[in-house]
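The block underneath contains the structure these notes are about, expressed in structure tokens.
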Amino acid sequence: MASTEYTERTYIMVKPDGVERGLVGEIIKRFENKGYQLVAIELFKAEKTILEEHYKDLSGRSFFPRLIAYMQSGPVVGMVWQGKEVVKTGRLLLGATNPLESAPGTIRGDFCVDVGQNLCHGSDSVQNAESEIKLWFPRGVTQWKRERLDSLLYE
């Protein structure tokens, strides 16, 4: 296994609008181009109980029922990415939660305009990433080492 600093993990989810628009490959491409390692991926029809747990910090907000309904409106793609500072950098790749505040070149900046249809979710901390990974991938994720590529990416 690589050094601990290279094995940070994050949970990235392509929401129903991103899946329906055929942007899953583009989102994967952005993370792979950056050099991050995909260690889990699955297409889910999200269950209400999992969504309520995932978004529990938003449960008191007026938009919560609409959010849950939207997230159940189609399949989502859950992914676990690994690499150096992947949580922080992953959120930079996604762009601001409000796509109108996202810079061009980010996923949201390039592909969406409305906060209610903002294509993807990215963990906001290492601790939340690990909780989200356990929630969405209870069987665990694949552990593998990219011998040559990691030596090209990391000092």
Side-chain angles (χ1 to χ4, degrees), residues 7-142 144 146 149 153:
T7 58
E8 181 177 293
R9 303 184 309 173
T10 193
Y11 178 70
I12 301 294
M13 178 170 45
V14 183
K15 296 177 181 181
D17 57 319
V19 174
E20 189 164 336
R21 290 179 57 198
L23 294 172
V24 174
E26 178 66 32
I27 293 166
I28 290 170
K29 179 182 172 185
R30 302 268 181 120
F31 279 80
E32 286 184 330
N33 284 349
K34 186 67 178 175
Y36 289 124
Q37 180 183 10
L38 182 64
V39 295
I41 185 169
E42 189 169 338
L43 181 73
F44 297 99
K45 183 68 174 158
E47 297 176 24
K48 185 177 181 180
T49 55
I50 290 178
L51 290 167
E52 288 174 340
E53 176 65 20
H54 180 88
Y55 288 112
K56 66 185 174 192
D57 60 317
L58 302 174
S59 64
R61 307 289 292 268
S62 62
F63 61 83
F64 186 72
R66 288 190 317 275
L67 172 62
I68 299 302
Y70 157 64
M71 292 299 294
Q72 287 193 286
S73 70
V76 300
V77 173
M79 298 177 278
V80 180
W81 290 93
Q82 180 173 288
K84 187 175 185 179
E85 295 190 28
V86 70
V87 171
K88 176 183 171 186
T89 305
R91 289 182 64 84
L92 291 173
L93 289 170
L94 296 180
T97 301
N98 181 345
L100 295 176
E101 298 171 0
S102 293
T106 65
I107 292 165
R108 291 178 179 141
D110 289 350
F111 298 111
C112 57
V113 294
D114 192 354
V115 71
Q117 306 282 322
N118 68 358
L119 296 179
C120 39
H121 162 83
S123 301
D124 62 1
S125 70
V126 173
Q127 180 181 359
N128 285 343
E130 291 302 323
S131 295
E132 292 169 356
I133 291 166
K134 287 177 187 165
L135 178 66
W136 290 94
F137 291 93
R139 295 182 316 258
V141 303
T142 303
W144 63 287
R146 304 179 305 184
L149 183 58
L153 291 170

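Throughout, numbering of the chain's residues begins at 1 and tracks the sequence.
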- Hey, does the side chain of Arg108 reach the backbone of Cys120 with a donor-acceptor pair shorter than 3.5 angstrom? yes
- Please examine the side chains of Pro75 and Phe44, heavy atoms only from C-beta on, and report whether any two atoms are closer than 4.5 Å. no
- Message: Distance check, rounded to the nearest 0.5 Å: Met71 atom CE versus Leu67 atom CG?
- Response: 6.5 Å
- Query: Does the pair Tyr11 and Leu135 meet the rule for a side chain to side chain contact (heavy atoms under 4.5 Å, CB included), with working shown?
  - Reply: CA-CA 10 Å; Tyr11 178 70; Leu135 178 66; over 6 Å; no
- Can any side-chain N or O of Ser102 pair as donor or acceptor with the backbone N or O of Ala96 at less than 3.5 Å? yes
- If every non-hydrogen atom of Lys48 is compared with every non-hydrogen atom of Gln72, which pair is closest and at what distance? N-NE2, 3.4 Å
Listing, residues 55-65 side-chain donor-acceptor contacts under 3.5 Å, not counting sequence neighbours, or none:
{"residue": "Lys56", "atom": "NZ", "partner": "Glu53", "partner atom": "OE2", "Å": "2.9"}
{"residue": "Ser59", "atom": "OG", "partner": "Lys56", "partner atom": "O", "Å": "3.0"}

- To the nearest 0.5 Å, atom CD of Glu47 lies from atom CD of Glu52 at 11.0 Å
Show every donor-acceptor pair shorter than 3.5 Å between a side-chain atom in residues 86-95 and any protein atom, with sequence neighbours excluded, or say none if there are none.
{"residue": "Thr89", "atom": "OG1", "partner": "Tyr36", "partner atom": "OH", "Å": "3.3"}
{"residue": "Thr89", "atom": "OG1", "partner": "Glu85", "partner atom": "O", "Å": "3.1"}
{"residue": "Arg91", "atom": "NH1", "partner": "Gly122", "partner atom": "O", "Å": "2.7"}

- Interatomic distance, CE@Met79 vs CZ@Phe137, rounded to 0.5 Å, equals 9.0 Å
- Query: Would you call Gln37 and Val39 a side-chain contact if the rule is heavy atoms closer than 4.5 Å?
  - Reply: yes
- Message: Can you confirm whether Leu100 sits close enough to Val113 that some side-chain heavy atom of one is under 4.5 Å from a side-chain heavy atom of the other?
- Response: yes
- Which residues share a side-chain hydrogen bond (donor to acceptor under 3.5 Å, both in side chains) with Asp110, sequence neighbours left out: Arg30
- Kindly compute the distance separating CH2 (Trp81) from CZ (Arg9), expressed to the nearest 0.5 Å. 14.5 Å
- Nearest-0.5 Å distance, CD of residue Gln117 to OG of residue Ser73: 7.5 Å
- Message: Can you give me the closest heavy-atom contact between Val19 and Leu43, atom names plus distance?
- Response: CG1-CD1, 4.5 Å
- Residue from Asn33, Ile27, Ile28 passing side-chain contact (heavy atoms from CB on, under 4.5 Å) with Phe31: Ile27
- Candidate list Leu23, Ile12, Leu119, test side-chain contact (heavy atoms from CB on, under 4.5 Å), partner Ile107, passing option: Leu119
- Would you name the heavy atoms of Thr106 and Gly109 that are closest together and state the gap between them? OG1-N, 2.9 Å
- Query: Got a sec: does the CD of Glu42 have more than 12 other heavy atoms crowding it under 6.0 Å?
  - Reply: yes
- Message: Would the distance check show the side chain of Asn128 and the main-chain N or O of Ser123 forming a donor-acceptor pair, the cut-off being under 3.5 Å?
- Response: no
- Message: Would the distance check show the side chain of Lys15 and the main-chain N or O of Asn118 forming a donor-acceptor pair, the cut-off being under 3.5 Å?
- Response: no
- CE (Met13) and CD (Glu132) are apart, to the nearest 0.5 Å, by 7.5 Å
- Going by an N to O cut-off under 4.0 Å, is there a salt bridge joining Lys84 and Glu8? no
